[in-house]
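Throughout, protein chains are lettered first and strands after them, A, B, ... in sequence-line order, and every chain is numbered starting at 1.
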2 protein chains.
Amino acid sequence: MQTILVVDDDKDIVDLVRYNLRKEGFTVLTARNGVDALELASQRPDLIILDVMMPEMNGWEVVKKLKAGARTSTIPVVFLTAKSSEVDEVLGLELGAEDYLVKPISIPKLLARVRAVFRKRTSAGTVRENIAVGAVEILPEQHLVMIGGREVFFPRKEFEVLLYLAEREGKAVSRETLLDAIWGSDAHVVDRTVDVHIAKIRDKLGAHSDYVETIKGVGYRLRPPA
Amino acid sequence: MQTILVVDDDKDIVDLVRYNLRKEGFTVLTARNGVDALELASQRPDLIILDVMMPEMNGWEVVKKLKAGARTSTIPVVFLTAKSSEVDEVLGLELGAEDYLVKPISIPKLLARVRAVFRKRTSAGTVRENIAVGAVEILPEQHLVMIGGREVFFPRKEFEVLLYLAEREGKAVSRETLLDAIWGSDAHVVDRTVDVHIAKIRDKLGAHSDYVETIKGVGYRLRPPA
DNA sequence: CGGACGGGTTACGAAACTGTTACGGGGCGG
DNA sequence: CCGCCCCGTAACAGTTTCGTAACCCGTCCG
């Protein structure tokens, strides 16, 4: 079953949310401050419900750190906020906030949002299964790459590029497509940047660097050699 | 130039979007409600930017009707939404929404999304199916050519020429037509250039070089020998 | 028989593309 | 505050691809 991390300094709210989510069958982790939240986030819950206003480390900071961590950057976050004026910030800042809820919390609304997140996750194909291309294995959920059985660390961008290519094994992928998919359609990035990442990926692939083929004038293609 | 239909009940937004899209060279149609939108959609714009919240007929209904109409079902739609909670619905319901934008609108983002839609449409949009002509197999998505089961590399231009001929197997294609289709109508290329590429293609086809027939005074034709 | 046409081939310089390395900025952790 | 890592950009070098021109051949005439 899916795990949800609930973070709020108000014990009443934590209890209320936990009770209701458990009743729905979710596994619930809780934290009363940002530090503990980050600690628990490393367990990779499927969703984080996060209070904006907290002593010491507020919600923004927590999210920033989550997004920075390779293992936690893809976890969806739903904000809890007391003031509706904060809503604009949630939407304005592009922190990858999945959604928000305004206090006082309406339980039906909460559950609806939570279900919506999971629906989106599964329908949008965000369920990232492990992929193997020849001797290269990619484990998206753990942000891990195994090359010939050995574990190799890939920084975020390189990882995403590799994953994208792997999901389309054998297909030619243009730089433009990669930029759209990974950097976002509104990115301000030169396409030669892709080359550099490809170079680094090849470097890490070591003996298997020939998995990444260059198609001049077209793009790249990932596949095991014949 | 491409035509975009903008639908929103807020005049300010319509004006803002129209102004910016026009500046980018698009032809812009506008509607203030769902009914007018459907009316204009019959003109088959290349893209529809659609507000979710509108009086009388909301965005969902408009899209449903668009998808129902044979002439309008393939037009990509980008949603405009004020609340992030609606985003889930956009993605959750599989209405074929191409993308979405959250208000307040960022113009650079809007333009980036629009451009992305057109890029996707022209490049990956069409599902390029594999083609076989005799012993020659062309796999467009992988940018691969198999000749008698053996993989042979074709540089971009040669690949495109071969593909173009293969898509018209048995039909005579003039140099002029090829130049138009592959080099672009605004290219400044001598038509004898085509001959050179044909020669290279024949060379790579090896034993099957006779697939490419010359029709004197007309052009070329690709087909397996009788 | 000579010449005009159309086309096949080859050679070569220019342009286009990519691989790689180096550098600067930013963020995070110590 | 310092140092390390990730990332985007620029610059340089090495290839590949492309477009033309040139030359050659066969055919079809008068």
Gap between atoms [atom1] and [atom2], on [X] and [N] respectively (whole Å):
| X | N | atom1 | atom2 | result |
| --- | --- | --- | --- | --- |
| A/E158 | D/dC5 | CD | P | 13 Å |
| A/I182 | D/dG8 | CD1 | C1' | 15 Å |
| B/D210 | C/dG7 | CG | P | 19 Å |
| B/K200 | C/dT10 | NZ | P | 11 Å |
| A/F154 | D/dC5 | CZ | P | 17 Å |
| A/D203 | D/dC5 | CG | C1' | 15 Å |
| B/H197 | C/dG8 | NE2 | P | 14 Å |
| B/D191 | C/dC5 | CG | P | 15 Å |

Exercise. Could you check whether B/F153 gets within reach of a base, just the sugar-phosphate, or nothing at all, counting any heavy atom under 4.0 Å?
Key: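 It contacts sugar-phosphate atoms only.
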
Practice problem: When you get a sec, tell me which of D/dT17, D/dT9, D/dG19 is the closest nucleotide to the side chain of A/V190? | Solution: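 Closest of the options to the side chain of A/V190: D/dT9.
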
Contact list (N/O, under 3.5 angstrom) for nucleotides 28-30 of chain D vs protein:
none

State which residues pass side chain to side chain donor-acceptor pair (under 3.5 Å) with [X]; sequence neighbours excluded, sorted by chain then number.
| X | answer |
| --- | --- |
| A/T27 | none |
| A/Y164 | A/R168 |
| A/K171 | B/E141 |
| A/K11 | A/D15 |

Quiz item: For B/W183 and D/dG19, is the shortest distance between a side-chain N/O and OP1 or OP2 below 4.0 Å?
Solution: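 For D/dG19, OP1/OP2 do have a side-chain N/O of B/W183 under 4.0 Å.
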
Exercise. Please state whether the phosphate of D/dG19, meaning OP1 or OP2, lies under 4.0 angstrom from any side-chain nitrogen or oxygen of B/H188.
Key: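 For B/H188, the contact criterion (side-chain N or O under 4.0 Å from OP1 or OP2 of D/dG19) is not met.
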
Practice problem: Could you label the plane-to-plane angle of the A/H143 and A/F159 rings as parallel, tilted or perpendicular, counting under 30° as parallel and over 60° as perpendicular? | Solution: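 Geometry flag for A/F159 against A/H143: parallel rings.
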
Practice problem: Could you name each residue pair satisfying salt bridge (charged side-chain N to carboxylate O under 4.0 Å, His left out) that touches residues 154-165 of chain B, not counting sequence neighbours? | Solution: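 Output for this query lists B/E158-B/K204.
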
Exercise. Could you verify whether a donor N or O on one side chain and an acceptor N or O on the other, from B/Y211 and B/R202, lie under 3.5 Å apart?
Key: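 There is no such pair (donor and acceptor under 3.5 Å, judged by atom type) between the side chains of B/Y211 and B/R202.
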
Exercise. Mark up nucleotides 15-30 of chain C, 5' to 3', with B wherever a protein heavy atom is under 4.0 angstrom from a base atom, S wherever such an atom reaches only the sugar-phosphate, and - elsewhere.
Key: --BBBBB------SS-

Practice problem: With sequence neighbours left out, write down each residue that passes salt bridge (charged side-chain N to carboxylate O under 4.0 Å, His left out) with B/D191, or none if nothing qualifies. | Solution: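 Partners of B/D191 by the salt bridge (charged side-chain N to carboxylate O under 4.0 Å, His left out) criterion come out as none, since no residue qualifies.
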
Practice problem: Could I get the full list of salt bridge (charged side-chain N to carboxylate O under 4.0 Å, His left out) partners for B/E213, not counting sequence neighbours? | Solution: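 In terms of salt bridge (charged side-chain N to carboxylate O under 4.0 Å, His left out), with neighbours along the sequence ignored, B/E213 is linked to B/R221, B/R223.
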
